[in-house]
Every structure is written in C-alpha cells, then in structure tokens.
Amino acid sequence: MATAAAATRSFLQVAATEEAVAPPLRVVQIEGLVILKIIKHCTEFSPALVTGQLLGLDVGSVLEVTNCFPFPIREEDEEIEAEGANYQLEMMRCLREVNVDNNTVGWYQSTLLGSYQTVELIETFMNYQENIRRCVCIIYDPSKSNQGVLALKALKLSDSFMELYRANEFNGEKLREKNLSWVDIFEEIPIKVSNSALVSAFMTELEADSPVTQSDYDRLQLSTNPFMERNMEFLIECMDDLSTEQQKFQFYYRNLSRQQAQQQTWLQKRRSENMARKAAGEEPLPEEDPLNPIFKPLPEPSRLDSFLITNQVSNYCSQINSVAGQSFSRLYLMKALHEN
Amino acid sequence: MADQTVLQFFPLSTSLSAKVHPLVIFNICDCFVRRPDSAERVIGTLLGSVLPDGTVDIRNSYVVPHNESSDQVALDIDYHHNMLSSHQKVNPKEVIVGWFSTGFGVTGGSALIHDFYSREVTNPVHLTVDTGFTNGEASIKAFVSVNLSLGDQQLAAQFQEIPLDLRMVEAERVGFDILKTTAVDKLPTDMEGMEATMERLLALIDDTYKYVDDVVEGRVAPDNNIGRFISDTVSSIPKISPPAFDKLVNDSLQDQLLLLYLSSITRTQLSLAEKLNTAAQIL
C-alpha cells in the first residue's frame with residue numbers, strides 16, 4: 001500500500017510540475033502491443049481506411065501509448081453515430097475494469113500511400129486537442145509494409161498552425177506575419193518502442209531460428225512497379241489539384257488588380273470633380289464611397305488547401321525517392337548475383 | 001445387441017490444430033502484468049475463426065475478470081458479453097474460438113470454465129501461456145476437451161493437447177528487433193532495413209560457399225539433401241544471356257532514374273512556387 005501511495009504522490013508531483021512548465025512533446029513511446037493491434041486492424045480492413053483510439057499516459061515530454069482499441073467502420077447515419085459514441089464509452093469502461101490506462105492520448109488511422117494530409121485530419125485533431133492538451137495521431141500505411149518497411153508515423157499539428165486555424169486566417173498577410181509555410185503544418189514526433197520484460201522474454205524464446213525473416217523476403221522483392229505506378233498516379237492527381245488552386249489565386253490577383261485600377265480611376269474622377277467644385281466655390285465630395293461596389297474588399301481564397309496539397313506532393317516525392325533508392329540497391333545486388 | 005453400451009472418447013481423435021497471432025501473446029502478457037493484486041492468473045476469451053482446413057486461427061483476445069477460490073471460479077459473464085459485442089461491432093467475422101489462461105498446463109478449475117465456453121461455441125480451444133516460466137521456458141500450449149462417455153452417459157472430460165503453430169509471420173513483418181527488446185529508441189528507416197537484409201543475405205551466401213568448399217576439400221561429410229537444395233537454388237536463377245540481362249538491368253535503372261528526376265523536378269517546382277507566391281504577396 002505504501003508503494004501505491006508513493007506512486008500516486010509521484011504522479012501528482014509529475015502532474016504538478018507539468019502544469020508549471022508543460023515541456024514540449026518530444027517522444028512518443030509505443031508498446032509493441034499497440035503496434036501489433038494497429039497493424040492487425042489496419043491490414044484486415046485494407047484498403048478501407050480505419051481509425052481507432054489510443055490510450056496511455058502523458059509523462060513530461062514523453063507521451064506513452066500503452067493500449068488502443070479500434071473503432072467500427074463509420075456510417076453516414078446519425079443513429080449509428082450515437083451508437084459509435086456509446087461503443088467508445090463502453091470500451092473505455094471495460095478496459096478500465098481490467099486496469100488498462102484510461103486516458104485518451106490521440107487516435108490512429110490507416111492511410112493509402114501516405115495520403116493523409118487532409119482537412120478532415122486537421123479537424124479531428126482540433127477536436128481532440130480541445131479535450132486533451134496533448135494528443136498525437138499515429139499513421140500506419142499497410143501498402144508500404146508489404147515491402148518490409150514499418151510505415152508508422154506519429155504526427156501533431158504545430159502550435160502556430162493551430163493558432164491560425166482557430167482564427168481561420170489563411171491569407172497571405174497572416175501567413176507572412178507568422179512566417180508559416182507548408183512545411184510547418186505537421187510536426188513528426190520520433191517514435192520509441194517499449195515492451196514489458198515479460199513480452200520480451202516470450203519473444204526471445206519464440207523467435208524463429210531461421211536466419212531469414214518475412215521482412216527480409218519482402219524487402220528483396222524486385223517488383224515495386226505497381227507501387228510506383230500508384231504513387232505516380234496520385235502525384236499527378238495532386239499536381240492537377242495544385243494547379244487548380246494556383247488558378248484560383250491567379251484569378252483572385254487579376255480581380256484584385258482590376259479592382260485597384262477601377263478604384264484609381266474612380267478616385268481620379270472624384271478628385272477632378274472636387275477641383276471643379278472647389279473652383280466653383282462648392283463643398284468637396286468625400287474621397288471615399290463605401291456604397292460603391294468597387295470598394296468592397298474581395299475575399300482572398302484560403303491557402304490551406306494549397307498548403308495541404310503541397311504537403312502531399314512533397315510526401316509522394318519523398319516516397320518515390322526512397323523506393324527508387326531501394327530499387328537501385330536491389331538492382332545492383334541482382335546484377336552482382338548474376339555475374340557470380 | 002443394438003443397445004450396446006460402449007465406453008468411448010468423443011470425439012474419438014482430433015486432427016485439430018491451432019495457429020496463434022502474436023497479438024494474442026502480447027495481449028495476454030499485458031493483461032497478466034496489469035492483473036489485480038489478488039489474482040494469481042488471468043483468464044480471457046479468444047477470438048478468431050476456423051479456417052477451411054480445420055485449423056483454428058486465433059487472432060484476437062480479451063481478458064475477463066474473475067474470482068477464484070479453492071473450488072470455485074466466478075467469471076464476470078456480463079463483462080464477457082459486453083466485450084464480445086463490442087469486438088463484433090468492429091469485426092463481425094471474429095467469433096469465439098476458445099479461452100486462455102495463464103499458468104502451466106491445465107488446472108482443476110479449468111474444466112468448469114471450459115464447460116462455460118462449450119456452451120458458447122462447440123469444441124472450444126483452451127490456450128495456456130506459462131507466464132511464470134515454470135520449466136524455465138516459455139511454454140504455450142493448446143488443448144481441446146475430449147469427453148469420456150459410457151453410452152449416452154458422460155463420465156469425464158479429458159484435455160488433449162493439440163499442435164500449435166507459433167510461427168509469427170506478422171511479428172516477422174514488424175521485426176523481432178523491435179518486439180524483442182524492452183526499449184527501442186528509433187524505428188529503423190527503410191534504407192537501414194535494406195542494409196540489414198543485404199548483410200544477412202551476404203552471410204547466407206558466405207555460409208553456403210564455406211560449406212561447399214569444405215565438402216569439396218573433404219573436411220565435411222557431404223549431405224545429399226543440402227546439395228540438392230543448393231543446386232535447386234542455383235538453378236532457380238533464370239538463364240538470361242549477358243547482353244539481354246544487361247539490357248534488362250539498365251532499362252530498370254533508367255526507369256528508376258526517370259522517376260527520381262521527375263520527383264526532383266516536382267520538388268524544385270514546389271519551392272520555386274513558394275518563393276514566387278511570397279513575392280507576389282509582397283507586391
């Protein structure tokens with residue numbers, strides 16, 4: 001009992017110090033159990049995209065993810081949505097009963113070829129952020145794991161971006177003020193993996209003796225063409241979207257300059273009129289006319305979409321780069337083997 | 001003569017086998033670590049499916065709180081049903097296939113719990129995970145119950161061990177390096193993984209070379225089976241004439257280079273566009 005009391009006290013202390021300083025989130029520490037659960041859920045339903053909730057503890061600059069549970073596939077029905085909320089509460093209650101950490105720390109979701117930078121993700125993140133101070137989103141890509149890569153990423157939105165998003169100010173002026181560019185929307189947090197000593201003992205015992213594992217076979221697979229093709233397709237689509245966005249901006253700027261020109265001519269006219277009136281000894285008319293439609297400020301299109309698309313494009317590019325790099329090594333390996 | 005009473009086991013013999021997903025082992029270990037102070041062991045439900053060939057595929061599990069006294073076991077049945085319906089909402093294809101308990105082998109209370117699960121599903125599998133390492137090794141075993149009956153009258157039940165497949169392809173995909181140690185600071189990047197794989201391949205080839213050299217020089221007794229394996233492996237490399245092979249490799253290389261080039265152009269374009277946009281805003 002004494003140890004338990006000490007533990008609660010230290011928790012309180014931790015909480016208290018945290019209130020005082022609130023150090024930035026540096027590392028996400030995930031249990032092997034959680035990784036396996038996420039992978040199982042995401043792969044079973046692939047290519048459908050699924051989500052689930054992460055449970056864990058927030059300890060200083062480390063966010064420990066110690067358990068998770070999947071969400072059922074969402075449907076567009078309010079009744080079912082309410083049921084989903086019930087499910088979540090029920091699951092949390094059940095897990096608490098068996099001493100699982102009962103603190104939501106974020107959510108996980110699967111993705112297709114890393115195309116996760118969407119407005120929905122940002123909205124979900126903001127929703128979570130309202131309730132819990134520190135939350136994280138874990139992204140898993142089942143399509144990449146067929147190549148022997150553990151495609152797991154922990155993401156959060158940057159603070160400056162969240163501020164802008166809350167104020168809904170995505171015009172050029174504000175962005176310049178904050179010095180925020182598309183790279184600064186998402187922050188990737190390094191992932192650490194931890195396992196209990198018991199699990200570690202079991203896995204050491206159960207590890208297969210064979211010197212080659214499944215991931216080795218996957219990595220040496222020569223055919224990456226389908227993956228690359230899909231990647232290129234997505235990239236091209238994104239480029240199209242980006243150019244549409246760019247056109248929107250061009251349209252806006254063209255309209256803006258036209259409006260400015262109109263304003264200038266109107267002003268000149270008004271001034272010369274005023275000169276004439278002055279010469280005639282009359283009161284000058286005001287130099288502004290808020291009722292005139294040409295003085296109505298044009299709404300500037302939000303830059304959020306183009307930022308997100310840019311993020312995606314750069315993501316596809318880096319995927320292509322890394323896969324191409326691997327293919328190079330494989331090809332040279334093949335060549336060397338054949339020559340021998 | 002028709003009403004002959006026979007003393008027999010039912011079902012007579014089982015050709016059943018089971019397969020375990022690593023997640024189940026992880027979950028059981030986690031539950032055991034988090035068990036209440038008073039509990040000696042944890043008990044829970046196994047979910048999964050029966051494959052067409054009769055193998056029981058155990059893919060998921062959850063713990064069920066219970067109270068145990070000398071000759072009684074009280075399972076929290078409400079909890080069990082709640083959790084089951086929650087799990088089925090996510091994945092309706094996973095049904096109860098049995099139950100697990102930590103500890104070494106079958107204990108006295110097991111028959112009672114097994115009885116309960118027999119009412120939920122026909123012929124449940126009982127998985128035991130020895131978290132105490134009683135024999136100094138991690139023993140994970142699976143049992144099914146076989147009834148000893150005299151005619152229609154049931155006399156007793158016997159737990160019969162069935163073969164359990166512990167090969168963990170899913171765990172291999174994640175990598176044992178990550179799952180084996182208690183703390184990993186960083187996930188391996190794809191290039192690091194590639195490097196490790198190539199090193200392993202190289203070591204294998206070296207081993208084979210060494211073995212063949214040893215056999216040729218008479219240091220090791222030749223083993224025909226290994227020889228056959230090696231010749232099979234060597235002959236599995238397709239015969240392509242060197243020019244054709246060079247062309248193949250070069251073509252692929254060029255394809256990859258083109259892709260790289262494209263992605264670099266895109267990136268340059270992006271940074272250029274960003275610069276131009278900021279410039280446009282200042283104007």
Side-chain angles (χ1 to χ4, degrees), chain A residues 32-33 35-37 39-40 70 72 87 90-91 94 97-100 145 148-150 152 172 176 181 190-208 211-216 219-220 228 310 313-314 317 320-322 324-329 331 333 335 338, chain B residues 21-23 25-27 29-34 36 63 65 79 82-83 86 89-91 131 137-138 166-170 172-176 178-187 190-191 193-194 197-198 200 203-204 237 245 249 252-253 256 259-260 263 266-267 270 274 278 280-281:
Chain A
L33 170 72
I35 296 187
L36 283 175
K37 270 192 169 181
I39 290 175
K40 174 177 176 287
Y87 163 83
E90 181 71 26
M91 202 69 174
C94 284
E97 224 167 286
V98 289
N99 301 329
V100 170
S145 61
V149 186
L150 181 61
L152 213 58
R176 211 166 41 243
S181 75
I191 295 181
K192 262 189 179 179
V193 184
S194 78
N195 289 303
S196 70
L198 189 63
V199 165
S200 162
F202 264 100
M203 286 326 276
T204 316
E205 188 90 3
L206 293 175
E207 186 183 357
V212 194
T213 61
Q214 186 64 42
S215 64
D216 292 332
R219 272 186 210 127
L220 291 177
M228 286 299 237
T310 317
V313 169
S314 105
C317 286
I320 290 174
N321 275 2
S322 87
Q326 285 183 55
S327 306
F328 278 135
S329 9
L331 280 171
L333 183 79
K335 210 174 169 183
H338 214 262
Chain B
H21 194 283
L23 171 65
I25 310 288
F26 268 72
N27 196 25
C29 289
D30 187 67
C31 295
F32 184 73
V33 172
R34 289 172 187 277
V63 69
Y79 184 94
N82 280 343
M83 208 60 172
S86 294
K89 261 180 213 157
V90 176
N91 196 344
T131 43
E137 56 168 9
L166 283 170
R167 271 178 305 141
M168 299 183 173
V169 178
E170 291 87 357
E172 285 184 357
R173 282 231 153 91
V174 180
F176 273 106
I178 292 176
L179 299 177
K180 206 167 64 180
T181 46
T182 47
V184 180
D185 283 343
K186 193 172 142 296
L187 294 180
D190 27 8
M191 275 327 245
M194 196 73 197
T197 300
M198 288 205 171
R200 250 173 259 166
L204 280 179
I237 298 175
F245 181 76
V249 170
S252 312
L253 277 178
Q256 305 285 348
L259 285 174
L260 270 182
S263 87
T266 317
R267 283 186 161 183
L270 281 186
E274 200 197 344
T278 24
Q281 281 160 33

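The chains referred to below are lettered A, B, ... by the order of the sequence lines, with proteins before strands, and numbering in each begins at 1.
- Counting heavy atoms from C-beta on, the side chains of B/Pro65 and A/Val98 come closer than 4.5 Å.
- In terms of heavy-atom proximity, A/Lys335 sits nearest to B/Val249 at CD-CG1, 3.9 Å.
- When heavy atoms are compared at a cutoff of 4.5 Å, A/Ile191 approaches chain B by way of both its backbone and its side chain.
- The minimum heavy-atom distance between B/Ser86 and A/Met91, with the atom names listed, is CB-SD, 3.7 Å.
- Of all the listed residues (A/Gly32, A/Cys317, A/Ser322, A/Ser194), the one sharing the greatest number of non-hydrogen pairs under 4.5 Å with chain B is A/Cys317.
- Contact of A/Lys37 with chain B is made through backbone and side chain together, with heavy-atom distances under 4.5 Å.
- Heavy-atom distances place no part of A/Pro190 under 4.5 Å from chain B, backbone and side chain included.
- Residues A/Leu198 and B/Val33 share a closest heavy-atom pair of CD2-CG2, 4.1 Å.
- Under the rule for a side-chain contact (heavy atoms from CB on, under 4.5 Å), the partners of B/Asn91 that lie at least two apart in sequence or sit in another chain are A/Glu44, A/Phe45, B/Lys93, B/Glu94.
- In this structure, B/Leu253 CG and A/Leu331 CG are separated by 5.0 Å, a value rounded to the nearest 0.5 Å.
- Listed here is the closest heavy atom pair of A/Val100 and B/Arg34: CA-NH1, 4.0 Å.
- For the atom pair CD of B/Gln256 and OG of A/Ser327, the computed distance is 3.5 Å after rounding to the nearest 0.5 Å.
- Smallest separation of non-hydrogen atoms from B/Val90 and A/Pro72: CG2-N, 3.9 Å.
- The two atoms that bring B/Leu260 and A/Ala324 nearest to each other are CG-CB, 3.8 Å, heavy atoms only.
- Atom CG of B/Asn82 sits about 8.5 Å away from atom CD of A/Glu97, to the nearest 0.5 Å.
- Here the straight-line distance linking atom CG of B/Leu23 with atom CD1 of A/Ile35 works out to 12.0 Å at 0.5 Å rounding.
- In this structure, the portion of A/Glu90 lying under 4.5 Å from any heavy atom of chain B is its side chain and not its backbone.
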